[in-house]
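Here the structure is a predicted model, which means the values were calculated and not measured. Residues: numbered from 1 along the sequence shown.
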Amino acid sequence: MQRRHALSLLALPLLAACAGGEDAGRRIGGYTVGFGDRIHAAALRAPWEFGDLSRWRGQPGRAALAVADLEILTDGLARDPYWSPETPPDVVALLGQARAAVRARLSIGGDASPAVVVAALTQAAERLESGRAPLAAPALERPGFGLPGLGTLERLSTLPALRETEAAANAAAAEIGRRAGGDG
């Protein structure tokens with residue numbers, strides 16, 4: 001019996017590490033932030049989140065998170081050392097076309113850093129969803145963003161359905177399904 005308790009105590013540091021820091025369990029737009037593989041998670045959500053961006057009409061925070069997922073997937077499947085070696089070039093190309101189409105709608109430069117774009121979009125979404133809407137627009141005034149923050153928020157609120165995002169979302173989800181051994 002003492003041995004079982006001793007073994008249980010060995011698991012405590014591991015459990016404590018899994019608990020995370022101050023951001024553990026924090027949620028933005030229904031997403032848990034700071035846990036798991038965000039590329040995999042974004043691919044699983046892709047058909048719903050950015051397959052039809054018009055579903056977020058009037059919800060700029062949700063649209064911002066959907067566009068952030070697109071950015072994460074496009075950059076991750078092309079560059080991440082775990083995901084990129086096995087990702088088919090056509091999936092990467094479809095995601096690149098979708099990102100270019102969305103960036104053009106939002107007046108975000110093609111050379112803008114994906115990390116900067118994701119940070120700006122998630123920060124704006126967090127501010128909108130936490131009741132700090134006046135602080136959302138300044139979060140979107142970053143290098144590569146061609147509009148004032150309020151202009152970007154307005155465009156996020158009115159994104160249309162785009163065939164590029166639908167094709168990319170379905171391709172990314174199918175690729176994750178293929179890797180998981182599913183039908184894709």
Side-chain angles (χ1 to χ4, degrees), residues 28-125 139-140 142-147 151-184:
I28 298 174
Y31 303 117
T32 300
V33 177
F35 180 76
D37 180 352
R38 63 191 207 155
I39 296 168
H40 184 254
L44 292 175
R45 290 190 301 263
W48 173 258
E49 291 297 324
F50 66 81
D52 178 3
L53 290 168
S54 68
R55 86 175 69 248
W56 306 123
R57 185 168 301 280
Q59 300 176 65
R62 294 301 305 227
L65 292 173
V67 175
D69 270 358
L70 173 59
E71 290 282 341
I72 289 165
L73 269 176
T74 304
D75 192 54
L77 291 181
R79 292 191 176 91
D80 184 90
Y82 177 78
W83 293 102
S84 64
E86 291 185 40
T87 301
D90 60 326
V91 173
V92 174
L94 286 170
L95 285 163
Q97 292 165 8
R99 174 167 63 182
V102 172
R103 282 185 173 200
R105 292 274 179 177
L106 297 175
S107 293
I108 298 173
D111 58 347
S113 162
V116 169
V117 174
V118 169
L121 292 169
T122 55
Q123 187 177 48
L140 297 168
R142 306 273 180 103
F145 283 70
L147 294 172
T152 303
L153 283 175
E154 176 60 32
R155 291 204 181 168
L156 283 165
S157 292
T158 60
L159 283 171
L162 300 170
R163 63 178 172 73
E164 295 93 344
T165 60
E166 180 181 7
N170 290 331
E175 174 59 17
I176 295 302
R178 180 192 68 81
R179 288 188 187 195
D183 294 330

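Nearest approach of F50 to A66, heavy atoms of both residues: CD2-O, 3.7 Å. Between P160 and L53, the closest heavy-atom pair is O-CB, 3.7 Å. Here the shortest heavy-atom pairing between S107 and L147 reads CB-CG, 3.7 Å. A172 and A43 make their closest contact through O-CB, 4.1 Å (heavy atoms, listed as atom of the first residue, atom of the second, distance). Taking each heavy atom of T165 and L162 in turn, the nearest pair found is OG1-O, 2.9 Å. Closest approach of A168 to L94, counting heavy atoms only: CB-O, 3.5 Å.
The distance from the CD atom of E175 to the CG atom of D90 is 8.5 Å, given to the nearest 0.5 Å. D75 CG to L70 CG: the interatomic distance, rounded to the nearest 0.5 Å, is 11.0 Å. Here the CZ atom belonging to R99 is positioned 11.5 Å from the CD1 atom belonging to I72, to the nearest 0.5 angstrom.
Look at E49 and R62 and you find a salt bridge, because one of the NZ, NE, NH1 or NH2 atoms lies within 4.0 Å of a carboxylate O, short of that distance. Taking the charged nitrogens against the carboxylate oxygens, E166 and R163 have no contact shorter than 4.0 Å, which rules out a salt bridge.
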>> For L73 and D69: C-alpha separation, side-chain torsions, deciding distance, then whether side-chain contact (heavy atoms from CB on, under 4.5 Å) applies.
In response: CA-CA 6 Å; L73 269 176; D69 270 358; 5.7 Å; no
>> Please evaluate residues T158 and R57 with respect to the criterion side-chain contact (heavy atoms from CB on, under 4.5 Å), reporting the C-alpha separation (whole Å), side-chain torsions for both, the decisive distance (0.1 Å), and the verdict.
In response: CA-CA 5 Å; T158 60; R57 185 168 301 280; 3.8 Å; yes
>> I'd like to know whether L121 forms a side-chain contact (heavy atoms from CB on, under 4.5 Å) with L65, so could you lay out the CA-CA distance, the side-chain angles of the two residues, the decisive distance to 0.1 Å, and finally the verdict.
In response: CA-CA 7 Å; L121 292 169; L65 292 173; over 6 Å; no
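Residue T87 is tested with L77, I176, L95, D80 for a side-chain contact (heavy atoms from CB on, under 4.5 Å); the sole match is L77.
In this structure R103 satisfies the salt bridge (charged side-chain N to carboxylate O under 4.0 Å, His left out) test together with E71, sequence neighbours excluded.
Side-chain contact between L106 and L159 is present, with heavy atoms from C-beta onward closer than 4.5 Å.
Within a 6.0 Å sphere centred on CZ of R105, other residues, nucleotides and ligands contribute 12 heavy atoms or fewer.
Listed for the R179 side chain is a donor-acceptor partner under 3.5 Å among the backbone atoms of W83.
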